[in-house]
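Residue numbering restarts at 1 for every chain, and letters A, B, ... go by the order of the sequence lines.
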There are 2 protein chains.
Amino acid sequence: MQPQIDKVSDAPLREFVGYHIKRAFNVIQADLNDVLSRFDLRMISYSALVLIVENPGIRQSQLATALAIERPNLVVIIDELEKRELITRDRLLTDRRAYLLQATLAGRRLCDKAATAVGAHEEALFEEIDKDTRSSIVDALNRIEAKSREDRS
Amino acid sequence: MQPQIDKVSDAPLREFVGYHIKRAFNVIQADLNDVLSRFDLRMISYSALVLIVENPGIRQSQLATALAIERPNLVVIIDELEKRELITRDRLLTDRRAYLLQATLAGRRLCDKAATAVGAHEEALFEEIDKDTRSSIVDALNRIEAKSREDRS
DNA sequence: TATTGTTATACTCTATAACTATA
DNA sequence: TATAGTTATAGAGTATAACAATA
């Protein structure tokens, strides 16, 4: 007799918290990109826009570091935001190698609208989870992040 | 005067739990792939091997569904596991379109060794987080996953 | 000599259409 | 006609090397 499976069990993987984090993140990312598509943004271009709004005059290299992506991969993202006139890219007068990034009024407005939509989407996803649980989750996730920084040092 | 940024603030992004989940997941994935590279496995091929060990006789289409990847993308993963003689791929006698996947002894042994290493790696990452907090995190993540399933229905 | 931003390129992951062999 | 697995291919996302301009 050949063995056959009726219902697939992923029990051994469910033992790992990381597995649950991956599955939840897949859901969150799909939802988020769905929300952001209404503004012609993706997760990465939205994050870039938010950081430029929050940090007027940020350099491309600083932005790449903050987004944890390589400098070459940022170029096309910045190109697009600039072409849509959501940001400006000006030479730094005291160091003409660098560009300073700033959001335009249109950029700040789009960022606000997108942030509201993203916030509503988060609230819907997390509505069953009370504030205390959320902050203990965030605290735990921050500890994991910190863990990797201490490994690298 | 041109505005310049000394220290980049990602405060607006940190408001979103999803942002923390993404950052933590990046750390977990990098660490996990590092651990698995010792066994010449990646996250996806390890997950596939675990599910084949746990579900002897699983079909490729069932495995693709469980891994949440498309059938074409599974082929190359299965090819590699078969070439390494970690799994066997046999025709189902009652439906000669389908393949049944089973782990070999070598496959089960590698899976065990890898699972031990992955478990140790998880334990190190989560050591500061007590059992109760872990299970409340897993519970919350499961609710988020369930949320997306109810949206799609 | 080192750094900022850029170009070219490659590798992984993922998604879709179309094919084959079976049902 | 529908399904299981396959092939080919294309699109994201990400990584490295090498370049021009500037420091």
Point to revise | Which atom of B:Ala103 lies closest to which atom of B:Val53, heavy atoms considered | key: CB-CG2, 3.6 Å
Review point. Does A:Arg59 place a side-chain N or O at less than 4.0 Å from the phosphate oxygens OP1/OP2 of C:dT3?
Key: no
Review point. Relative to the 5' end of DNA chain D, which residue comes earlier, B:Ala98 or A:Leu93, by the nucleotide with the nearest heavy atom?
Key: B:Ala98
Practice item. Scan B:Glu70 against the nucleic acid and name what it touches under 4.0 Å (heavy atoms): base, sugar-phosphate only, or nothing. Key: base
Check your understanding: Counting only heavy atoms not in A:Asp6, do more than 12 sit closer than 6.0 Å to its CG atom?
Key -> no
Point to revise | N or O in side chain of A:Arg89 less than 4.0 angstrom from C:dT6 OP1/OP2 | key: yes
Point to revise | Nucleotide C:dC11, atom C1' - distance to CG of B:Asn33 in whole Å | key: 14 Å
**Study point:** B:Leu36 CG to C:dT12 C1', straight-line distance once rounded to whole Å
**Key:** 16 Å
Exercise for review: Find the distance B:Leu92:CG to C:dA21:C1' and express it as a whole number of Å.
Suggested key: 14 Å
Practice item. Determine: side-chain N/O of A:Ser61 to OP1/OP2 of C:dT3, distance under 4.0 Å, yes or no. Key: no
Practice item. Could you pick out which residue, A:Met43 or B:Ile78, lies toward the 5' side of DNA chain D when each is mapped onto its nearest nucleotide? Key: B:Ile78
Review point. Which part of the nucleic acid, if any, lies within contact of A:Arg91, taking any heavy atom under 4.0 Å across all strands shown: a base, the sugar-phosphate backbone alone, or nothing?
Key: nothing
Exercise for review: Return the value, rounded to whole Å, for the distance between atom CG of B:Leu74 and atom C1' of C:dA15.
Suggested key: 14 Å
Check your understanding: Under a criterion of less than 4.0 angstrom to any heavy atom of chain A, what are the 5'-terminal and 3'-terminal contacting nucleotides of DNA chain D?
Key -> D:dG13 to D:dA23
Check your understanding: Which part of the nucleic acid, if any, lies within contact of A:Asn73, taking any heavy atom under 4.0 Å across all strands shown: a base, the sugar-phosphate backbone alone, or nothing?
Key -> base
Review point. What is the minimum heavy-atom distance between A:Leu141 and B:Ala24, and which atoms define it?
Key: CD2-CB, 3.6 Å
**Study point:** Closest non-hydrogen atom pair, B:Glu54 against A:Pro12
**Key:** OE1-CG, 3.3 Å
Check your understanding: Same cluster or not: are B:Val50 and B:Leu105 linked, directly or through other Ile, Leu, Val, Met, Phe, Trp or Tyr residues, by side-chain heavy atoms under 4.5 angstrom apart?
Key -> no
Practice item. For B:Arg96, look at atom CZ and say whether over 12 heavy atoms of other residues, nucleotides or ligands are found less than 6.0 Å away. Key: no
Point to revise | B:Arg97 side chain, from C-beta outward: closest of C:dT4, C:dT6, C:dT22 | key: C:dT22
Practice item. Check if the side chain of B:Arg96 and the base of C:dT22 share a donor-acceptor pair of N or O atoms closer than 3.5 Å. Key: no
Point to revise | Atom-to-atom span, CD1 of B:Ile69 to P of C:dA15 - whole angstrom | key: 9 Å
Point to revise | Separation of C:dA15 C1' from B:Ile44 CD1 (nearest whole Å) | key: 14 Å
Exercise for review: Mind listing the closest non-hydrogen atom pair of A:Arg84 and A:Asp40 along with its distance?
Suggested key: NH1-O, 2.6 Å
